[in-house]
Amino acid sequence: MKSQGKAYDVVVIGAGNGGLTAAIRVLQAGRSCLVLEKHNLPGGFATSFRRGRFEFEASLHELNDFGSPEEPGDIRTLFRELGVEDKIGWIRIPDAYHLITTDKQYDCEMPFGLQAFTDKMEELVPGSRPSVTAFFELCDEVRAAQTYSMEVNGHTDSEYMKKHFPNFLRAGSYSVNEVLDALKMPKKAQDILGAYWCYLGVDLDRMSFLHYGSMVIRYITRDAWMPKMRSHEISLALETRIRELGGDIWYHSPAAHILTDEAGAITGVSLTDGQVIPTHHVIANMAPHVVFGSMLDKKAVTPQITRATNARTFAGRGFSLFLGLNKSAEELGIKSHNYFIYDTADTVKQYNSMRRVDTNHVQATVCLNNAYPACSPEGTCMMYFTTLIMSDDWSRVSQSEYFKMKDRVADDMIRVFERETGCQIRDAIEEIAVASPTTYARYCGHPEGTIYGYETAGWDSLMPRMMMIAEDAALCPGLRFAGGFAMRSSGYSSAYVSGDLSGRQTVGDLKKEGR
């Protein structure tokens, strides 16, 4: 006999970035909300962990579209609306990125700020200024169009779009490389401008220009920021806000099933201990593959749901290396906060090499001390190395070879960094931790250890997802998704935005139903 608990207007499954944000939006609307989390902490990947005297950031490199208090970006504005901005200490990241390609074609440091970035590009690639300027003008229109779409919850007026955002519509079906070619941007400038591609995990021949342009302009015009106490500081602030608003969060409380009636309407959520929480609305901060494959009542999983879910492609699987070094960044010669180290600036070739573990030498590497010197004890520094595996190649690693393979990939990351930067870090290693796709799959339950949700290419790119929000929600009324597997794709900023949207739309669903 299952025990039945208190009923809630909305149950959020998963206390990740998207789920926490969605819960706040539900509570701000005066609705009751329960967040269920299997772990003992909030945040999902937005957390930190200790090894010795170092507190490592689990995943966040930098938060884009944040902006300064005086000129806030969309995410700072959202945090203000949520009531958490002032609960977090913020630091500004000093520079955009340091791009290095091991084929010796590029070694350049790019700044934040439209003028500074454009000037630097002109210095590196004489004659590139007109095309780079045109690129950012187009990106600004993309950003404005997306802001309008968010304000109207995706219910855009076609005539308004045509009048105010004509170039947004013209560029909508083209890839990044197609648009840059149309702008007659020099190839070298295209290569440098393409450095951020790994943050979205799709090569620039297949990535929607609207997706990439939207991200790049948010980085360059509004800088990047980081919480002083790592991303876990954001998670704790969101959790505190939920409790202030009267919401409930249950830890060590894994959801087992989403229950439905004979008509397929949601009636509750059952926990692994057998308790049932009555509700008609669920926001899942997890993969639809998991929800539809093992949680939603089988009678509610329609052929349409199965086809729509199985048609999607998992994006990059995560591999990360964390180092605590017993020398300062200055002593070691580490000058930048954020390094992108690629074999080549050709994103198609690079993406394909990342499909296999043994040919993947890519890394996005951060030394947080160059943004926040006090993040580790004096005379030390911390580094995070991350790469993506663009297939399920890690599953070929046998149990007997697992730890050897982790060590091999970690050793390669250190070797490549030392070779390309000239910074000898190996002898300064005091603490080391390694996370493989298996680690990520175990920690958050993500299929194959993907940390980027579903790949945003072709029919499943950003704009088709935004245009299909209503149709996707209709597949299973009462169920919406938030986080990296939701409509806005991977990334911290996107996860918060998806939670904001799903939370507000769920409140709208409740109103329509007269509940």
Side-chain angles (χ1 to χ4, degrees), residues 15-21 39 41-51 54-67 73-76 78-79 84-85 87-97 112 196 198-201 215 218-219 222-239 285 315-316 318-324 336-340 363-372 374-376 381-388 433 435 439-440 443-444 446 450-453 483-484 488-499:
N17 291 332
L20 294 171
T21 303
H39 194 31
L41 296 169
F45 290 149
T47 188
S48 61
F49 63 93
R50 293 192 66 88
R51 292 291 185 273
F54 299 94
E55 182 178 354
F56 292 106
E57 164 59 50
S59 63
L60 179 60
H61 287 185
E62 50 196 29
L63 189 63
N64 79 329
D65 199 17
F66 200 73
D74 290 348
I75 302 304
R76 187 185 284 271
L78 173 59
F79 277 22
V84 300
E85 178 193 8
K87 299 181 187 294
I88 303 161
W90 298 100
I91 54 171
R92 180 185 176 276
I93 305 303
D95 296 299
Y97 55 84
F112 286 121
Y196 276 127
C198 70
Y199 277 179
L200 297 178
M215 178 187 70
R218 284 171 163 83
Y219 266 113
R222 291 170 176 168
D223 305 343
W225 294 67
M226 180 80 186
K228 286 184 178 180
M229 298 310 296
R230 326 303 183 263
S231 59
H232 193 54
E233 187 174 9
I234 303 177
S235 304
L236 291 176
L238 293 170
E239 187 224 36
N285 191 175
F319 188 102
S320 298
L321 165 67
F322 308 88
L323 297 181
S336 300
H337 168 265
N338 183 23
Y339 294 86
F340 292 123
Q363 58 182 261
T365 297
V366 165
C367 180
L368 183 57
N369 299 75
N370 284 327
Y372 182 40
C375 70
S376 66
C381 67
M382 295 187 297
M383 300 187 71
Y384 321 135
F385 301 69
T386 302
T387 194
L388 297 172
T439 313
Y440 288 116
Y443 186 78
C444 277
H446 289 192
T450 180
I451 59 174
Y452 268 37
R488 287 299 298 260
S489 173
S490 64
Y492 274 69
S493 297
S494 295
Y496 299 128
V497 171
S498 76

Check: Would a distance-only check, ignoring hydrogens and angles, find a side-chain to backbone donor-acceptor pair under 3.5 Å from S48 to E57?
Finding: no
Next item on the list: May I ask you to decide if G89's main-chain N or O and E233's side chain share a donor-acceptor pair within less than 3.5 Å?
Entry: yes
Notebook entry, point to check: Aromatic ring centroids of Y492 and F45 under 6.0 Å?
Noted result: no
Item checked: Heavy-atom pair with the smallest gap, counting every atom of C375 and R230 -> O-NH2, 2.6 Å
Checklist line | Residue pair S235 / G43: nearest heavy atoms and the distance that separates them | finding: OG-CA, 3.2 Å
Check: Distance from F79 atom CZ to L238 atom CG, nearest 0.5 Å?
Finding: 6.0 Å
Notebook entry, point to check: Is there a side-chain contact between L20 and P42, using heavy atoms and a 4.5 Å cut-off?
Noted result: yes
Item checked: Side-chain donor or acceptor of N369 paired with backbone N/O of M382 under 3.5 Å -> yes
Note to self: Quick check on the 6.0 Å ring-centre criterion: do F322 and F54 meet it?
What the structure shows: no
Next item on the list: Look up atom SG in C198 and atom CD in Q363, then write down how far apart they are to the nearest 0.5 Å.
Entry: 10.5 Å
Check: If every non-hydrogen atom of M226 is compared with every non-hydrogen atom of I93, which pair is closest and at what distance?
Finding: CB-CD1, 3.9 Å
Next item on the list: Applying side chain to side chain donor-acceptor pair (under 3.5 Å), name anything that partners N285, two or more places apart in sequence or on another chain.
Entry: none
Note to self: If I take atom OG from residue S490 and atom CG from residue L200, how far apart are they, to the nearest 0.5 angstrom?
What the structure shows: 6.0 Å
Notebook entry, point to check: D74 side chain to D65 main-chain N or O, any donor-acceptor pair under 3.5 Å?
Noted result: no
Note to self: Using 0.5 Å steps for rounding, measure from the OH atom of Y372 to the NZ atom of K228.
What the structure shows: 5.0 Å
Next item on the list: Check C381 against C367 and note the closest heavy-atom contact, atom names and distance.
Entry: CB-SG, 4.3 Å
Next item on the list: Write down the atom of T450, the atom of A315, and the distance for their closest heavy-atom approach.
Entry: OG1-O, 3.2 Å
Next item on the list: Using the ring-ring contact (aromatic ring centres under 6.0 Å, His included) rule, pick out the option among Y219, F340, Y339 that qualifies with Y97.
Entry: F340
Next item on the list: Using modelled atom types only, decide if a donor and an acceptor are shared between the side chain of S498 and the backbone of G483 within a distance under 3.5 Å.
Entry: yes
Margin query: Determine whether a donor-acceptor pair (N or O, by modelled atom type, separation under 3.5 Å) exists between the side chain of Y440 and the backbone of I451.
Written below: no
Next item on the list: Provide the closest heavy-atom pair for A96 versus E62 in the form atom of the first, atom of the second, distance.
Entry: O-OE2, 4.1 Å
Notebook entry, point to check: Would you say I75 and V497 make side-chain contact, with heavy atoms under 4.5 Å?
Noted result: yes
Notebook entry, point to check: With side chains defined as the heavy atoms from C-beta onward, is the minimum distance between W225 and I88 less than 4.5 Å?
Noted result: no
Notebook entry, point to check: Would S336 and D95 count as having a side-chain donor-acceptor pair, cut-off 3.5 Å?
Noted result: no
Margin query: Let me confirm one number: the CE-CG distance from M229 to L236, rounded to the nearest 0.5 Å.
Written below: 10.0 Å
Item checked: Gap separating the CD1 atom of I234 from the CH2 atom of W90, nearest 0.5 angstrom -> 4.0 Å
Next item on the list: For the residue pair R92 and F66, establish whether any side-chain heavy-atom pair is separated by less than 4.5 Å.
Entry: no
Notebook entry, point to check: Can you tell me if R76 uses its side chain to pair, donor with acceptor, with the backbone of G67 under 3.5 Å?
Noted result: yes
Notebook entry, point to check: Is the closest side-chain heavy-atom distance between Y196 and N64 below 4.5 Å?
Noted result: no
Notebook entry, point to check: Under a 4.5 Å cut-off applied to non-hydrogen side-chain atoms, are H232 and L41 in contact?
Noted result: yes
Checklist line | Heavy-atom donor-acceptor pair, T387 side chain to F319 backbone, under 3.5 Å | finding: no
